[in-house]
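A short worksheet on the structure shown next.
Indexing begins at 1, ligand by ligand and atom by atom, following the structure's order.
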Amino acid sequence: MIGIFYGSATGSTADVAYKLAEALGIDSTNVFDVAKVAPSKLGDYDVLLLGTSTWGVGDMEDDWEDFINGAEELDLKDKKIAVFGCGDESMSDSFCSGVGKLYQRMQKTGATFIAPYNTDGYEYNQTDAKIDGQIVGLLIDNVNHPDLTQAKVDEWAKIVKEAI
Ligand SMILES: Cc1cc2nc3c(=O)[nH]c(=O)nc-3n(C[C@H](O)[C@H](O)[C@H](O)COP(=O)(O)O)c2cc1C
């Protein structure tokens, strides 16, 4: 079973989370705002899609800051995790870096990380979401390139499906 957990301040990452649910054919009751659920909920799912936007300079969205303290302590060895999130390419030195931080923090859980992707169509200098030469998940810039969002969601959802 797939669960989608997101943190979102102005609704962009929430929107991507629900778009992903639709693309994956999963019911929206499996989509959770991390501000409103306990980390233990992660245990109910085999596959976890974890999403955060980026705030400050390269930080995870605020609601994740609390949630992750509990989440990273869980034993998720049998689970698969894929990460996603929204940013703005004009924050060129920290584009979607919160997604990279989320990925790094969740390593402790022992989960298997799936579905690296690309940033085709976006222009920026640097992102912490590039780790060991790979973009760790789905990065979305819905501020400057809303026209690219749906196609990226659909393509990444296929990659997720193939990896689970
Ligand atoms: C104060 C502020 C700081 C931001 N910092 C970054 C950043 O470092 N990197 C980035 O890619 N986007 C940054 N953004 C852009 C947001 O991540 C972007 O607007 C995103 O769509 C918000 O998603 P949300 O509504 O799901 O929170 C910043 C936006 C604001 C207003």
Open item on the list: Within the 3.5 Å criterion, strictly below it, is a donor on Glu61 or Tyr6 matched to an acceptor on the partner's side chain?
Closed with: no
(request) Return the orientation label for the Phe95 and Tyr124 ring planes: parallel under 30°, perpendicular over 60°, tilted otherwise. (result) tilted
Leu102 and Thr52 have their tightest heavy-atom pair at CD2-CG2, 3.7 Å
Closest to atom 10 (C) of ligand 1 among protein heavy atoms sits Asp88 N, 3.5 Å
For Gly87, the ligand 1 atoms with a heavy-atom partner under 4.0 Å come out as 10 (C), 11 (O), 12 (N), 17 (O)
All heavy atoms of Ile159 vs all of Pro116, minimum pair found to be CG2-O, 4.3 Å
Looking only at protein heavy atoms, what sits closest to atom 21 (O) of ligand 1 is Ser12 OG, 3.3 Å
Ligand 1 contact by Gly56, heavy-atom criterion under 4.0 angstrom: yes
Item to check | Distance-only N or O hit between ligand 1 and Gly58, under 3.5 Å | outcome: yes
Any N or O of Ser53 closer than 3.5 Å to N or O of ligand 1 | yes
In ligand 1, the atoms that come under 4.0 Å of a heavy atom of Ser94 are 7 (C), 8 (O), 9 (N), 10 (C), 11 (O)
**Q.** Any N/O pair Val57/ligand 1 closer than 3.5 Å
**A.** no
Asn142 heavy atom under 4.0 Å from ligand 1
no
On a heavy-atom basis, the closest approach of Ser8 and Ser53 is CA-OG, 4.3 Å
Short side-chain donor-acceptor distance under 3.5 Å, Glu73 and Asn69: no
If you scan protein heavy atoms around atom 19 (O) of ligand 1, the nearest is Val143 CG2, 3.8 Å
Separation between CG (Leu48) and CZ (Phe113), nearest 0.5 Å, reads 9.0 Å
protein heavy-atom neighbour closest to atom 30 (C) of ligand 1 works out as Trp55 CZ3, 3.3 Å
Nearest non-hydrogen protein atom to atom 20 (C) of ligand 1, with distance, is Cys86 CB, 4.0 Å
for atom 25 (O) of ligand 1, nearest protein heavy atom and its distance come out as Thr10 OG1, 2.4 Å
Correct closest heavy-atom pair for Ile164 and Lys80 would be CA-NZ, 3.9 Å
If you scan protein heavy atoms around atom 16 (C) of ligand 1, the nearest is Thr54 O, 3.4 Å
| Should Cys96 be counted as touching ligand 1, given the test is an N or O pair under 3.5 Å? | yes
One finds that the ligand 1 atoms under 4.0 Å from a non-hydrogen atom of Phe95 are 11 (O)
* Asked: Is Ile140 linked to Met91 within one hydrophobic cluster, defined over Ile, Leu, Val, Met, Phe, Trp and Tyr using a side-chain heavy-atom separation of less than 4.5 Å?
  -> no
*asked:* Parallel, tilted or perpendicular: which one describes the rings of Phe84 and Trp156, with boundaries at 30° and 60°?
replied: tilted
